[in-house]
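Structure, as structure tokens:
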Amino acid sequence: MPREYRTIEEVAGPLMLIKEVSGVAYNELGEIELENGEKRRCRVLEINGSNALVQLFEASTGINLSNSKVRFLGRQMELPVSPDMLGRVFDGLGRPIDDGPEIIPELRLDVNGKPMNPAARKYPQEFIQTGVSAIDGLNTLVRGQKLPIFSASGLPHAQLAAQIARQAKVLGTNEKFAVVFAAMGITFEESNFFVDSFRESGALDRTVLFINLASDPAIERIATPKMALTAAEYLAFEKDMHVLVILTDITNYADALREVSAARKEVPGRRGYPGYMYTDLASMYERAGRQNGKPGSITMIPILSMPEDDKTHPIPDLTGYITEGQIILSRELNRKGINPPIDVLPSLSRLKDKGIGEGKTRADHANTMNQLFSAYARGKDAKELMVILGEDALTDIDRKYADFSEAFEREYVSQGYETDRSIEETLSIGWKLLRMLPRSELKRIKDKFLDMYYDA
């Protein structure tokens, strides 16, 4: 039987202090019943002797200290899960917001998940096709990987996220594939954009959406990615599906973490973020992966907008430590009208070599990828030289490289947000561009591939 208390001592922002409690556990859920019968949810943050500090999920306005009572429920926050979640839209606390019926749960899972034993992890090595050339061809996404997108305010990361969610697929198999999409701290317009985008393309049927609006409480924002990952773990490890989790925007999540930390009067770390932010992000990111003996997998693309375009800001900095690479969006390319504006040179997928090659993509993939990187880097250098010394200072071969880099951005990187390219198309475009350069310059490609594709 839940225990009831009428000993609320103080309310400060999203926090509430309750005195003279017993048998209450950390992270336990509670219910606050107001004088008018309205109920609000809370969660235990701290126990100090007989005092409990709880965190409110809804606003604290209207709570009368003497006439409200608190009931502790004896369980942690749980998400009701079932296969019927696919095609549904939920809020940040896992409640349906699409006018559909409540989910009849097959299970109720603790949203904090269970840490994956490192010894039980399988190495990520299967290719996931996103349909975006700059990712598939050069910074390949591999099943079970964590590959963040580093963006900045005003850049089109929402469009890229929606495009990947719509287009992503596992090639050549009949394996079940699903997308779990969690949006944190977004506007009503952005929320409508995501839902409409998935609905129009038919991708909603295989997608579970969790949407937390900017107007929702900060504490709900902290719960949103945990809800999404719990749904992903259920689909991957109970229903044997391959799940792509897209989380946007991690910066809004970290800001909510900072807000609650400040309300608790904790000692701040870098830029005011709590000292445990690394641990908190790691506990979230590390829920992705593959497990021995289980066919399902969780692949994760967290998206974060770097404050002040600063890669060394704590959020991208810590994310970079925990994940396997990053896709970086560029303001300069965005100004030039390149969509998506992926800056391929500083972008990196540390596992790309494991997911490409014969039987996965195509035998010539690694060679062409290295040659495209090399030629694009040299072309950018040639263009910088041209700005300083003028075009006449360039050699003929430098001019060819400069032309190559222009064509590479225009034809390979820029494809818009509606084009879904197969890996074969991506490789064909790469070869078409490499033919702009003399065969003697393509030193990173084996002769047998040059014979097959360059002279074709």
Side-chain angles (χ1 to χ4, degrees), residues 129-141 147-168 190 193 197 246 248-249 301 303-306 308-311 316 325-349 352 365 368-387 391 394 398-437:
Q129 180 176 292
T130 64
V132 179
S133 291
I135 297 175
D136 293 347
L138 301 171
N139 292 294
T140 314
L141 179 64
L147 185 62
I149 294 174
F150 287 7
S151 181
S153 56
L155 292 184
H157 48 267
Q159 287 91 323
L160 180 59
Q163 181 178 21
I164 293 170
R166 288 195 311 267
Q167 297 178 178
E190 283 177 300
F193 162 73
S197 165
I246 298 176
T248 180
D249 179 337
I301 299 182
I303 296 171
L304 56 94
S305 46
M306 299 179 287
E308 297 151 31
D309 298 15
D310 180 9
K311 278 203 264 300
Q326 69 278 331
I327 303 291
I328 295 181
L329 302 189
S330 152
R331 278 202 193 281
E332 185 193 342
L333 291 178
N334 192 48
R335 276 195 293 268
K336 286 164 78 172
I338 305 294
N339 285 317
I342 294 173
D343 196 348
V344 297
L345 293 179
S347 296
L348 167 71
S349 167
K352 64 186 172 195
H365 190 159
T368 51
M369 173 180 75
N370 293 336
Q371 189 65 66
L372 286 166
F373 267 124
S374 168
Y376 180 50
R378 185 163 166 192
K380 286 195 79 164
D381 288 345
K383 281 168 69 182
E384 282 176 22
L385 204 61
M386 196 159 69
V387 170
E391 195 172 338
L394 296 188
D398 280 342
R399 274 201 200 91
K400 281 196 168 77
Y401 275 108
D403 292 344
F404 170 88
S405 78
E406 283 287 339
F408 176 81
E409 288 174 0
R410 206 172 47 248
E411 294 178 40
Y412 193 96
V413 179
S414 189
Q415 63 179 75
Y417 299 107
E418 301 302 322
T419 309
D420 184 0
R421 288 182 184 163
S422 69
I423 188 61
E424 293 286 336
E425 284 175 78
T426 291
L427 291 169
S428 297
I429 294 167
W431 276 108
K432 178 187 159 206
L433 292 166
L434 289 172
R435 288 189 200 105
M436 294 173 70
L437 303 170

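On a predicted model such as this, the values are computed, not experimentally measured, just so you know. Quick note: numbers below take in every heavy atom, side chains included, and nothing from hydrogens, waters or symmetry partners.
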_Shortest non-hydrogen contact between Ala161 and Ile303, atoms and distance_ = CB-CD1, 3.3 Å
*Enter the distance from Ile327:CD1 to Ser349:OG here, rounded to the nearest 0.5 Å.*
6.5 Å
*Do the non-hydrogen side-chain atoms of Pro341 and Pro156 ever get within less than 4.5 Å of each other?*
yes
*If we only count heavy atoms from C-beta on, is the Leu372 to Val344 side-chain gap below 4.5 Å?*
no
*Should Phe150 and His157 be marked as a side chain to side chain contact (heavy atoms under 4.5 Å, CB included) after you check the CA-CA gap, both sets of side-chain angles, and the distance that decides it?*
CA-CA 9 Å; Phe150 287 7; His157 48 267; over 6 Å; no
_Asp249 and Ser305 side chains, donor-acceptor separation under 3.5 Å_ = yes
_Strictly by salt bridge (Lys or Arg N to Asp or Glu O under 4.0 Å), give each pair with a member in residues 421-432 just once, sequence neighbours left out._
Arg362-Glu424, Glu411-Lys432
*Taking every non-hydrogen atom, the tightest pair across Ala377 and Leu345*: CA-CD1, 4.0 Å
*asked:* Within this structure, what is the CZ-CG distance for the pair Phe404 and Asp398, rounded to the nearest 0.5 Å?
replied: 14.0 Å
*asked:* Show the nearest heavy-atom pair for residues Leu147 and Asn139, with the distance to one decimal.
replied: CD2-O, 3.9 Å
*Output the distance between atom OG (Ser422) and atom CD (Gln167), rounded to the nearest 0.5 Å.*
11.0 Å
*With a 4.5 Å heavy-atom cut-off, do Tyr401 and Lys380 have their side chains touching?*
no
*asked:* Does any part of the side chain of Ile135, heavy atoms only, come nearer than 4.5 Å to the side chain of Ile342, both counted from C-beta?
replied: yes
*Tell me, with the steps shown, if Lys400 and Asp403 meet side chain to side chain contact (heavy atoms under 4.5 Å, CB included).*
CA-CA 5 Å; Lys400 281 196 168 77; Asp403 292 344; 5.7 Å; no
*Decide, yes or no, whether a salt bridge links Asp420 with Arg166 under the criterion of side-chain N to carboxylate O below 4.0 Å.*
no
_Quick one, Lys383 and Glu406 - any side-chain contact, counting heavy atoms below 4.5 Å?_
yes
_Which atom of Pro346 lies closest to which atom of Gln326, heavy atoms considered_ = O-NE2, 3.2 Å
*Does a side-chain heavy-atom distance below 4.5 Å link Leu427 with Thr368?*
yes
_Under a 3.5 Å threshold, yes or no: a donor from one side chain and an acceptor from the other, between Asp136 and Thr426?_
no
*Point-to-point distance, once rounded to the nearest 0.5 Å, from CG of Leu138 to CZ of Phe373*: 4.5 Å
*Nearest 0.5 Å, what's the CD-OG distance between Gln163 and Ser197?*
9.5 Å
_Glu409: side chain to side chain donor-acceptor pair (under 3.5 Å) partners, not counting sequence neighbours_ = Lys336, Tyr376
*Go through the steps for Asn334 and Asn339 under the test side chain to side chain contact (heavy atoms under 4.5 Å, CB included), then give the verdict.*
CA-CA 7 Å; Asn334 192 48; Asn339 285 317; 4.0 Å; yes
*Check against side chain to side chain contact (heavy atoms under 4.5 Å, CB included), Asp343 and Leu329*: CA-CA 6 Å; Asp343 196 348; Leu329 302 189; over 6 Å; no
*Taking all non-hydrogen atoms of both residues into account, name the closest pair between Pro316 and Met306 and its distance.*
CG-CG, 3.8 Å
*Just by distance, do the side chain of Ser374 and the backbone of Asn370 share a donor-acceptor pair under 3.5 Å?*
no
_Validation row: Ser151, Leu304 side chains within 4.5 angstrom (heavy atoms)_ = no
*How close do Ala152 and Asp309 get, heavy atom to heavy atom, and via which atoms?*
CB-OD1, 3.2 Å
*How long is the gap from CD on Glu308 to OG on Ser153, to the nearest 0.5 Å?*
9.5 Å
_Quick check: do Gln129 and Leu141 have side-chain heavy atoms less than 4.5 Å from each other?_
no
